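Below is one structure; the comments refer to it alone.
Note on naming: letters A, B, ... go to the chains in the order of the sequence lines (proteins, then strands), and numbering restarts at 1 for each one. Here the structure is a predicted model, which is why all the values come from computation and not from measurement.
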Number of protein chains: 2
Amino acid sequence: MGTTQLDTAQEPKYWHLKTVLSDALDSEFAVGEILPNERELAARFGVARATLRQALEQLELEGRLQRRRGVGTTVAPPRMGVPVDRTGHSWPGAPGDAWQPVDAATVDGGSVPAAVAEALGAGAGDTVHVVRRTRVDQGQPVAAELLYVPAGSVPGVTDATTGAVARARAVLRELQRLDLDGEERAVELGSARAEDAKQLDRLPGAPVLVVTTRYVTGGRITAVAVSTYRADTCRLTFGDHDNLAALAG
Amino acid sequence: MGTTQLDTAQEPKYWHLKTVLSDALDSEFAVGEILPNERELAARFGVARATLRQALEQLELEGRLQRRRGVGTTVAPPRMGVPVDRTGHSWPGAPGDAWQPVDAATVDGGSVPAAVAEALGAGAGDTVHVVRRTRVDQGQPVAAELLYVPAGSVPGVTDATTGAVARARAVLRELQRLDLDGEERAVELGSARAEDAKQLDRLPGAPVLVVTTRYVTGGRITAVAVSTYRADTCRLTFGDHDNLAALAG
DNA sequence: TAGTGGTCTAGACCACTCA
DNA sequence: GAGTGGTCTAGACCACTAC
């Protein structure tokens, strides 16, 4: 038939909408610019608000948009590259470490996540230090972390140390005395738990990239870090920065 | 007051639902088991179907559930660990490469994604081979990939080679002749484009982990791979498997 | 053909931000 | 207090799977 763009029919509305909006973002909007509100956009495209929201959610998932309740929807800047190796996940507390300790607690091995307990070989009856840290890049929070360290790995840390941050620093100081043999990492998709969400300035359930790092010293896993990165604003980068630097130089 | 569980109030219903369902999955369901259908679950919890779906979507995002249209919702197995370094992203085509070529095309440099073109230093007028590959682990597709190779990197590949797969193999064969100096990788969240979705047996828009690999040989970036992993079923693992192997042995 | 999840609607109210 | 995005409802119809 003579109709030029009829194939659109078999495509869900929100998917087509997403494409249209995406193109509009490229051509008609600048980074940081505020979009019309959802009710107006929905009316403009002749769809229900829920359908429009489905398209916006996809675009936010892809890092193209940023939505804030009570404020509006803005065009997001390109994702920032966040190194997740040497500087990003060096031996915790080492110079150049991008993380700041914010809290600490000492708990029983039975109350840490099962996957962590298994990696550490810790169970009920064992003592584990839990250090909460935060990572800020370019002025905005990009990650929240829980660092699990069995008491056996850092014998110098005693109950005498008072104050959460002081305790955290004591654990990190002790960790630095050990020789790091290697790290093993895994990345998977998750949704922010309430506490992490608050730290990341997002709503609970927001999509996050969960990086699990196992630190190996002396042939044993001496610490496990579970780092929760904002998936909307972060692009995690790995390895071989030396070669890339050589390219630039 | 005397009410025991009133704090629930300030929490969104779907969030609370998700918690309840998550606990139920742990205690009352086996992997692969089929859940009651959405209409029944919604009725059972006294919420609208859309609200229930919001909870199910979160659980699917976290890899706890698997939903298939026309079939039902099943309990997902734990995510599989997928190596994304030596075996997973070694020099394309090398022995032990986990990827299978499925298609190939030769396009103009102006029609590849901007980010890829920039990394390759290619633009309109240049010729770029695009090889589509697929990665299957444990019997199911885990990733789809587009491998971009400038014609200048593989001068041995000519138009004479006919057939998409044959062309793909030719490009990979040529690549192996070069010495790989290093790789630089980035991981970010994305949503599956239509073509990738089909290859991954998912619906368009499904959440995926996009791994961008830049291959460096002779101080130049000679190829760029954009690999799209199913975020629901995959946990990407990185580095230091030697140390881990030492642990096990 | 029956049953499933996927899409879509037209409303309502709530939580939050900011002037 | 006005305006925003976030949550929730009670329906309807569609696309797909499997029998």
Members of residues 189-200 of chain A that approach DNA chain C, where some heavy atom sits under 4.0 Å away: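 Heavy-atom cutoff 4.0 Å gives no residues at all.
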Taking the inter-plane angle between the rings of B:Phe238 and A:Phe238 on a 0 to 90° scale, is it parallel (under 30°), tilted (30 to 60°) or perpendicular (over 60°)? parallel
Quick one: salt bridge (Lys or Arg N to Asp or Glu O under 4.0 Å) partners of [X], sequence neighbours excluded?
X: B:Glu33; value: none
X: A:Arg69; value: none
X: A:Arg132; value: A:Glu195, A:Asp196

A:Glu62: partners by side chain to side chain donor-acceptor pair (under 3.5 Å), with sequence neighbours left out: A:Lys18, B:Ser191
Got a sec? Which of residues 62-76 of chain A come in under 4.0 Å of DNA chain D, heavy atoms?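 Here the set is A:Arg67, A:Arg68, A:Arg69, A:Gly70, A:Val71, A:Gly72, A:Thr73.
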Interface with DNA chain D, restricted to residues 39-49 of chain A and to heavy atoms under 4.0 Å: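 The answer is A:Arg39, A:Arg49.
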For atom CG of A:Asp201, decide whether the heavy atoms of other residues, nucleotides or ligands shown that lie under 6.0 angstrom number more than 12.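 No - once you tally the heavy atoms of other residues, nucleotides and ligands closer than 6.0 Å, there are 12 at most.
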Looking at B:Gln140, I want to see if its CD is surrounded by more than 12 non-hydrogen atoms of other residues, nucleotides or ligands under 6.0 Å.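 Enclosed.
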Taking atom types as modelled and ignoring hydrogens, do the side chains of A:Thr228 and A:Arg193 form a donor-acceptor contact shorter than 3.5 angstrom? no
Any side-chain donor paired with an acceptor under 3.5 Å for A:Ser22 and A:Arg64? yes
Set of side chain to side chain contact (heavy atoms under 4.5 Å, CB included) partners for B:Val20, sequence neighbours left out: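 Expected list: B:His16, B:Phe45.
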Terminal axis angle for the helix from C:dT1-D:dA18 to C:dC18-D:dG1, five pairs an end, nearest 10 degrees: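 Comparing the first five pairs with the last five, the axes sit 20° apart.
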Between the CD atom in A:Glu145 and the CG atom in A:Leu147, the distance rounded to the nearest 0.5 Å is 5.5 Å
Can you pull out every salt bridge (Lys or Arg N to Asp or Glu O under 4.0 Å) where at least one residue sits in residues 44-55 of chain A? Sequence neighbours excluded, please. A:Glu38-A:Arg49, A:Glu38-A:Arg53, A:Glu40-A:Arg44, A:Arg53-A:Glu57
Of all pairs that satisfy salt bridge (Lys or Arg N to Asp or Glu O under 4.0 Å), the ones with a partner from residues 108-117 of chain B, not counting sequence neighbours: none
Using a 4.0 Å heavy-atom cut-off, does A:Leu203 contact any base of the nucleic acid, only the sugar-phosphate backbone, or nothing at all?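 Sugar-phosphate only.
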As a test of understanding, state which of A:Leu65, A:Asp26, A:Leu56 forms a side chain to side chain contact (heavy atoms under 4.5 Å, CB included) with A:Leu21.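 Per the side chain to side chain contact (heavy atoms under 4.5 Å, CB included) rule, the option paired with A:Leu21 is A:Leu56, out of A:Leu65, A:Asp26, A:Leu56.
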At a 4.0 Å cut-off to heavy atoms of chain B, the contacted part of DNA chain C spans C:dG3 to C:dA15
Just wondering, do B:Val116 and B:Val226 contact through their side chains at under 4.5 Å, heavy atoms?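 The answer is yes, as the side chains (C-beta and beyond) meet within the 4.5 Å cut-off.
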